Amino acid sequence: MIEFSHVTKIYPNGVIGLSDVTLQIAQGEFVAIIGLSGAGKSTLLRAVNKLHGISSGTLTVTGADVCALKGKALRRFRRGIGMIFQSFNLVSRTTVIKNVLAAKVPDMPFFRVLFGLYRREDKIAALTSLDKVGILDKAYSRVDQLSGGQQQRVALARTLTQHPKIILADEPVAALDPVTAKLVMDDFRRINNDMGITILVNIHHVELALEYADRIIGIRDGTIVFDGATSSVNQEVIREIYAGKAPNETEELI
Amino acid sequence: MNDAIERKLRLAPKRWYLKLTVALVFAAIIAWSSTAVDASGTDSRGLLIARGILLGLVRPNKELLLNMTKQGVAYLLLETVCIAYLGTLVGAIIAIPLAFLSSAKIVPKPVVVLGRAVTMAVRTIPAFVYGLMFIRVTGPGAFAGLLTMSMCSVGMVSKMYIEFIDDLDKKIFESLDACGCTAFQKIRYGIIPQLIPDFISTIIYRFDMNLRDATVLGLVGAGGIGAPLIFAMGAYRWSEVGAILIGLIVLILIIEFFSSRIRRKLARGL
Amino acid sequence: MNLFYKIFKPKRITLPNGKTVLERRSRLPLILFAVLIATAVAIRITGFDPVILAKRIDQFFVILRQMFPPQYNYTSKILSPLFDTIKMSLLGSAVGALLAIPAAVFSSNNITKNRLIVYANRLFLSIVRTLPTLVTALVATYVFGLGTLAGTVAIAVFTFAYVGKQLYEQIETVDMGAHEAMTALGSGKLSAFWTSISPQVMPAYLSTCLFCLEGNVRYAAILGYVGAGGLGIILNEKIGWREYDSVGMILILLFVTVAAIEMLSHVIRRKLT
């Protein structure tokens, strides 16, 4: 359960990231956030695990008051939330499995962290995650030898190894070609269906959002302008979210 | 229509004067440099010596080349390799703090300027001056040689380290943050895996260079194969010169072959 | 390396869902062990002793302290050899870099089709590159007599080998499409190379040359030590007479010169790329 209540975020330079956002997301939902770039999609997503703090309002995630979290409690809280990035954010010079095992690092004792000694259970957990996203055979390859789609799956496997209740995905397919993008979105759907993990995804491909998500949140200038089931989205809603801008892009997509 | 073409032609950027200036400057520099060349010391003996060296390379002193005692080429080469190896290692370690202290990503600007000036000053002092300084510390021999090599390595190695530190991919921190990692864990799993391949590659490259430069140490009596080589040359014993040079060339070629292979693997993965 | 995996068999890991994965053994322990052994051997042979180093390190600074304050009024006598050093490195670099062009062309397998010529040239470049600059300079002083000519030759030889190798690697990575198009137009070998390959490699080539020049100024200062002209001669002299304050002045001027040349070369190189 993610609960935003009158959340506002103003950046130090005066830019308004979010203004008076109120919404609830139940466990197990697949939600897509759409909107123009700079509309606040990223801010909304990053507020959930406090990569960006909020200025006012209350935000409760899995029963925890996010604003009050800091230090150790914040790190423990973040372990329950996975995050996927547009640029994968992997260490490309090391092997796939080492990247996946990074998810286990916060739970390891100091000497194991220092020398990079992973336990057998951890390795099995990592390999199992890799199997779930279908790249088990690449476990010992170096990341820089993988394609973009495969790299995003490594990131996904890393996240799954955390056993998160929620996965936040920030433009996960923006750097991928259309075919690969669909494959990665398929992975998200499967994870959502099989494991009941809440998926919150920022996406600028309206078409993909409509195809995969159960619920669409439209955001414009930091304000929620649409929130409803995917089936209720029509041309007018899209035009409202995109404020008439980039019409050719959206028309093409629908 | 033809008018338009003509007008376009006239609008074409006229670069010829720029090219001419560059060519003139280049020619002037070369002419100016040539004034330093002084061939008065050259005479017919030069040809004789050149012939002697070539003959020595073709007919090396086999006894010296295959001798396994401490005076033999094999031992001298081993000593040179050891000097270069330890020297590189020590230099590479000293360079780490120096590099982090001169990286704009880590420390404020004035510290960076100071750090770079120090690195450059360290690089400017020629090897044999270091050799003389270290001989006061350790006495003549390989120990002084390896310390000299390490000082000579510090400059270049830290300069290359700085470039890698400046190129660090910081995005990985965001994902480690999202995983709930502490600062130490972020350094261990975010920074170190990125830097290690580049750092090792640099160290191997510098080892290659140090092996070549180690002959300089012979000038000041800081060990290695340089001194016997210089003595043999001074005494016109060309077959000995040939034996030492052949040993050195073969060794460097072998080391270069392996080091470039390892470096390629580090850069592109296995 | 395959031998390694034969001796140390991969570990089999079975996942809960029944799939198995082969985990290759890490080579890290073996590599660390080898490094440790090599270090131990090297310490034995070189007589490395941290205790002596810690005890007597103050001796290192004795000469360094005597360099300060430097002998400022010695400057006028330094300038002429300093310019000699700069001229030696400029001319040597230019000659070496020009000679490197044909050698590189005959070493690149996309331009020269005859394998034998390619490999013979590469071997030649490799062997020349193994010669330490100081040895080349020594040989040059014997052949050309003491003086700047020997130093210039040594620098030219080093530059030739270094730039030659870099250049043939650059030529080999060039996009051959333009060359093919020129050949299809019916142009000759030389003109095809000049119009299609050289514009692609020129910036990298010039950048390599400048980079080499930066290092050569440093090298040129050492070469005088064996009598090959330039700063090294007076440096050697002053060290012999233990006039360390003059040595300090020489080093300061060298530092300034090297810094200036490096900065200039950096600016030009940034414009090139």
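By convention in this document, chain letters (A, B, ...) are assigned in the order of the sequence lines, proteins followed by strands, and residues within each chain are numbered from 1. If you're wondering where the values come from, they're calculated on a predicted model, not measured in any experiment.
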Considering all heavy atoms, the nearest [X]-[Y] contact:
{"X": "B:T35", "Y": "C:K87", "answer": "OG1-NZ, 3.1 Å"}
{"X": "B:P126", "Y": "C:L235", "answer": "CG-CD2, 3.9 Å"}
{"X": "C:A42", "Y": "B:C82", "answer": "CA-SG, 3.6 Å"}

Side chain B:R136, main chain C:V62, donor-acceptor under 3.5 Å
no

Look at the side chain of C:Y142 and the backbone N and O of B:G234, then say whether any donor-acceptor pair between them is shorter than 3.5 Å.
yes

So how far is it from C:F48 CZ to B:L89 CG, rounded to the nearest 0.5 Å?
9.0 Å

Between C:I45 and B:Y85, is there a side-chain heavy-atom distance shorter than 4.5 Å?
no

Can you say whether [X] sits under 4.5 Å from chain C via the side chain, the backbone, both, or neither, judging by heavy atoms?
{"X": "B:L48", "result": "neither"}
{"X": "B:L248", "result": "side chain"}
{"X": "B:L253", "result": "both"}
{"X": "B:I83", "result": "both"}
{"X": "B:L147", "result": "side chain"}

Within 6.0 Å of CH2 in B:W32, more than 12 heavy atoms from elsewhere:
yes

Any residue of residues 89-99 of chain C which, by heavy atoms, sits under 4.5 Å from chain B:
C:L90, C:L91, C:A94

Going by residue number, which parts of residues 119-139 of chain C are within reach of chain B, meaning a heavy-atom gap below 4.5 Å?
C:S126, C:I127, C:R129, C:T130, C:L131, C:P132, C:L134, C:V135, C:L138, C:V139

Only pairs of heavy atoms separated by less than 4.5 Å count here; which of C:T39, C:L254, C:V35, C:I252 has the most with chain B?
C:T39

